[in-house]
Amino acid sequence: MAHVEQFSASLPTVSHPDKVEHERIQAEGSWPSMTSQPESIERVLALLDGLEDVTHRAMMGEYILYYRGKVVGGIYDDRFLLKITPASQRLLPDAARATPYEGAKDMILVEVEDRTVLRDVMDAMWEDLPAPKRKK
């Protein structure tokens with residue numbers, strides 16, 4: 001353990017160029033929110049109530065949505081987005097597309113609040129999606 005402490009102590013202090021700006025924003029309390037609010041996942045889970053095995057996981061300020069163990073979409077910037085699959089395209093043909101974050105593939109922006117339609121989409125999508133990868 002002494003070797004680790006010696007190594008850590010010998011590292012130079014590196015200052016990130018935006019560190020001062022980061023500290024200023026934090027002190028002022030004006031840090032921009034780039035995350036989804038918990039109310040957004042609660043609203044989506046309520047819409048999907050009745051489907052068994054719908055789960056979610058918080059990741060980097062957003063929420064990944066799983067159905068029967070497969071990733072089907074998520075909540076990104078408080079928007080409910082689903083993966084584009086043949087079934088989701090067929091059942092939500094007029095739905096807008098949105099990008100969850102820079103560099104990501106487009107997803108379907110879900111604005112439908114009809115629980116029956118959403119259940120049908122989720123069930124059909126599940127068939128299209130690959131099985132989850134096994135962890136080593």
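Keep in mind the model is a prediction, meaning the values are calculated, not measured.
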S.K.: Mind running side-chain contact (heavy atoms from CB on, under 4.5 Å) on V72 and M122 for me, showing each step along the way?
M.R.: CA-CA 8 Å; V72 293; M122 297 284 279; 3.6 Å; yes
S.K.: Can you measure from CE (M125) to CZ (R90) and round to the nearest 0.5 angstrom?
M.R.: 11.5 Å
S.K.: Work out which heavy atom in R97 is nearest to a heavy atom in D106; give both atom names and the distance.
M.R.: CB-OD2, 4.0 Å
S.K.: Please find the pair of heavy atoms, one from M107 and one from L82, that lie closest to each other, and give the distance.
M.R.: CB-O, 3.2 Å
S.K.: Hydrophobic clusters here meaning ILVMFWY residues chained together by side-chain heavy-atom distances under 4.5 Å, can you tell me if L109 and Y101 are in one?
M.R.: yes
S.K.: How far apart are the closest heavy atoms of P38 and Y63, and which atoms are they?
M.R.: CA-OH, 3.6 Å
S.K.: Which heavy atom of D53 sits nearest a heavy atom of G69, and at what distance?
M.R.: OD2-N, 3.9 Å
S.K.: When rounded to the nearest 0.5 angstrom, what distance separates CG in L65 from OH in Y76?
M.R.: 9.0 Å
S.K.: Output the distance between atom OG (S40) and atom CG (L45), rounded to the nearest 0.5 Å.
M.R.: 10.5 Å
S.K.: Count I, L, V, M, F, W, Y as connected when their side-chain heavy atoms are under 4.5 Å apart, and connections chain through other members. Are L81 and L48 then in the same cluster?
M.R.: no
S.K.: Could you report the tightest heavy-atom contact between V112 and L118, atom names first, then the distance?
M.R.: O-CD1, 3.7 Å
S.K.: Is M60 reachable from I75 through a run of I, L, V, M, F, W or Y residues, each pair having side-chain heavy atoms under 4.5 Å apart?
M.R.: no
S.K.: Give a yes or no on whether V71 and V110 share a hydrophobic cluster (residues Ile, Leu, Val, Met, Phe, Trp, Tyr; joining criterion: side-chain heavy atoms under 4.5 Å apart).
M.R.: no
S.K.: Tell me whether L92 shares a hydrophobic cluster with V44, the cluster being built from Ile, Leu, Val, Met, Phe, Trp, Tyr side chains joined at under 4.5 Å.
M.R.: yes
S.K.: What is the distance from atom CG of D77 to atom CD of Q37, rounded to the nearest 0.5 Å?
M.R.: 10.5 Å
S.K.: Look up atom NZ in K105 and atom CD1 in I84, then write down how far apart they are to the nearest 0.5 Å.
M.R.: 9.5 Å
S.K.: Looking at A87, is its backbone amide N or carbonyl O close enough to the side chain of D128 to form a donor-acceptor pair, meaning the two atoms are under 3.5 Å apart?
M.R.: yes
S.K.: Counting distance only, does the side-chain N/O of R119 pair as donor-acceptor with the main-chain N or O of T116 below 3.5 Å?
M.R.: no
S.K.: Can you find a side-chain donor-acceptor pair between D123 and Y67 that sits under 3.5 Å?
M.R.: yes
S.K.: Between P100 and A104, what is the shortest heavy-atom contact and its length?
M.R.: CG-CB, 3.7 Å
S.K.: Does atom CZ of R115 have more than 12 heavy-atom neighbours from other groups under 6.0 Å away?
M.R.: yes
